[in-house]
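Worksheet for the structure shown next.
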Amino acid sequence: MTTITRTLLLITACIFAAIGSTQSQSLQSSLQQAFRRFMSDEQMKYAMVGFMVQDTAGNTIFSNSENVGMAPASTQKIVTAAAALGKLSPTYRFPTKVAYNGAITNSALNGDLLVYGSGDPTLGTWRYPSQPDTTFFFQVFQALQAKGISSIKGDVVGSNNRFSVQPIPDGWIYGDMGNYYGAGTWALNYHENQYEATFNASGKMGDTLALQKAEPEPGVYAFNSFIKLGASGSGDNSVIHSAPYSSMAYA
């Protein structure tokens, strides 16, 4: 993560430096110099870079390996974020609607509470200190109180109907699916579709480590751990294998 961030900041700085220097030389020459500085960074020692700059008319000003197929990994999120920003606008908010069916009798809802998602990726996230990850639940609780509902005799039903039933693309690596970076896209998300699996790394090298706890609840009926205790300082080399709609997970 640190390397990617530094790389993106560097190339951005180079581009702005190049644009700012056009008074003394052509933009093409400036971009060439900026690109050479970028590629001379130690972090780019074994890297391949596909790069192209066009003007507003679509004319190519500078390019490097622009037609070479590459696996951009997390840097592809820049394109996704830019597309969402351009199409939805900076003021767009993902609505999560809560409704109910049935009747209210003596402060009890004789029916189900229905939660309709629209793709909000921040529902229940822990990333914003100004808003606890329990905010959504508290808001629903307040709304139920306002309706005079103190108990629910049905179920809480979450709907993913706004999105495709397939949350991940074909060809997704199986080793990614069960981990936070491969959780997929859903209409209804919580806690960024991530849970933390904790293991007690004590014992002797080669011992199997049982799952100590998982928070929030991962939603599988069986979590099978085949993780072996490694040498001191060897770090976490475990991978969780699971898939969308799977009822089991293997670590």
Side-chain angles (χ1 to χ4, degrees), residues 1-22 26-41 43-44 47-96 117-131 133 136 160-173 176-177 179-194 244:
M1 182 65 77
T2 302
T3 300
I4 292 174
T5 302
R6 287 176 179 169
T7 301
L8 293 177
L9 289 175
L10 178 60
I11 193 169
T12 303
C14 288
I15 292 172
F16 279 113
I19 294 173
S21 65
T22 54
S26 70
L27 178 58
Q28 184 180 42
S29 176
S30 300
L31 286 168
Q32 288 174 341
Q33 291 182 31
F35 188 75
R36 283 196 295 268
R37 291 198 301 271
F38 173 63
M39 291 303 296
S40 66
D41 187 273
Q43 296 179 93
M44 305 303 294
M48 291 179 62
V49 176
F51 186 67
M52 181 169 64
V53 177
Q54 293 182 328
D55 61 21
T56 54
N59 300 312
T60 299
I61 300 172
F62 175 73
S63 64
N64 180 83
S65 302
E66 70 275 17
N67 293 319
V68 177
M70 300 181 189
S74 288
T75 57
Q76 188 70 22
K77 296 173 184 176
I78 299 172
V79 180
T80 306
L85 188 64
K87 188 173 180 62
L88 300 177
S89 85
T91 59
Y92 182 81
R93 297 294 182 269
F94 294 90
T96 301
S118 68
D120 184 0
T122 67
L123 188 67
T125 185
W126 66 94
R127 296 183 186 272
Y128 307 105
S130 61
Q131 182 169 291
D133 57 4
F136 173 73
N160 191 54
N161 291 339
R162 291 286 298 275
F163 276 31
S164 168
V165 70
Q166 173 59 285
I168 61 173
D170 292 339
W172 202 275
I173 299 172
D176 288 352
M177 293 182 199
N179 302 278
Y180 71 94
Y181 45 83
T185 55
W186 305 80
L188 186 59
N189 307 280
Y190 172 68
H191 203 258
E192 301 185 17
N193 297 339
Q194 173 181 328

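Side chains included, hydrogens not; waters and symmetry mates left out as well; all remaining heavy atoms used.
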### Task
Look at the side chain of Asn189 and the backbone N and O of Trp186, then say whether any donor-acceptor pair between them is shorter than 3.5 Å.
yes
### Task
List the atom of Met44, the atom of Val49, and the distance in Å for their closest heavy-atom pair.
CE-CG2, 3.4 Å
### Task
Kindly give the heavy-atom pair with the smallest separation between Ile61 and Gln28, and that separation in Å.
O-NE2, 3.2 Å
### Query
Between Ser40 and Arg37, is there a donor-acceptor pair closer than 3.5 Å when you use the side chain of the first and the backbone of the second?
yes
### Query
For the atom pair OG1 (Thr122) and CZ (Phe136), what is the distance rounded to the nearest 0.5 Å?
11.0 Å
### Message
Main chain of Gln43, side chain of Asp41: is a donor-acceptor contact present, judged purely on distance under 3.5 Å?
### Response
yes
### Task
For residues Thr60 and Val53, determine if any side-chain heavy atom of one lies less than 4.5 Å from a side-chain heavy atom of the other.
no
### Query
Is there side-chain contact between Ser30 and Phe62, with heavy atoms separated by less than 4.5 Å?
no
### Query
Are Phe51 and Glu66 side-chain neighbours, meaning at least one heavy-atom pair lies under 4.5 Å?
no
### pair Gln33-Arg36: side-chain heavy atoms closer than 4.5 Å
yes
#### Entry: Working for side-chain contact (heavy atoms from CB on, under 4.5 Å), residues Gln194 and Trp126
CA-CA 11 Å; Gln194 173 181 328; Trp126 66 94; 3.6 Å; yes
### Message
Do Tyr180 and Asn193 have side chains that approach each other closer than 4.5 Å (heavy atoms only, starting at C-beta)?
### Response
no
### Task
Starting at CE of Met39, measure out to CE of Met48 and round the result to the nearest 0.5 Å.
9.5 Å
### Query
Between the side chain of Asp55 and the main-chain N/O of Asn59, is any donor-acceptor distance below 3.5 Å?
yes
### Query
Can any side-chain N or O of Asn160 pair as donor or acceptor with the backbone N or O of Ala187 at less than 3.5 Å?
yes
### Message
Using side-chain contact (heavy atoms from CB on, under 4.5 Å), reason through Tyr190 and Thr125 one step at a time and then give a plain yes or no.
### Response
CA-CA 7 Å; Tyr190 172 68; Thr125 185; over 6 Å; no
### Message
Looking at every non-hydrogen atom in both residues, tell me the closest pair between Arg127 and Pro129 and how far apart they are.
### Response
O-CD, 3.4 Å
### Query
What distance do Tyr181 atom OH and Asp176 atom CG have between them, rounded to the nearest 0.5 Å?
5.0 Å
### Within-4.5 Å side-chain heavy-atom neighbours: Phe94 and Tyr92
yes
### From CD (Gln32) to OG (Ser63), nearest 0.5 Å
9.5 Å
### Query
Looking at CZ of Arg93 and CG of Asp120, how far apart are the two atoms once the value is rounded to the nearest 0.5 Å?
10.0 Å
### Query
Just wondering, do Pro244 and Ile168 contact through their side chains at under 4.5 Å, heavy atoms?
yes
### Query
Do Leu188 and Phe163 have side chains that get closer than 4.5 Å, going by heavy atoms?
no
### Main-chain N/O of Pro95 paired with Ser118 side-chain donor or acceptor, under 3.5 Å
yes
### Query
CD of Glu192 to CG of Asp133: how many Å apart, nearest 0.5 Å?
10.5 Å
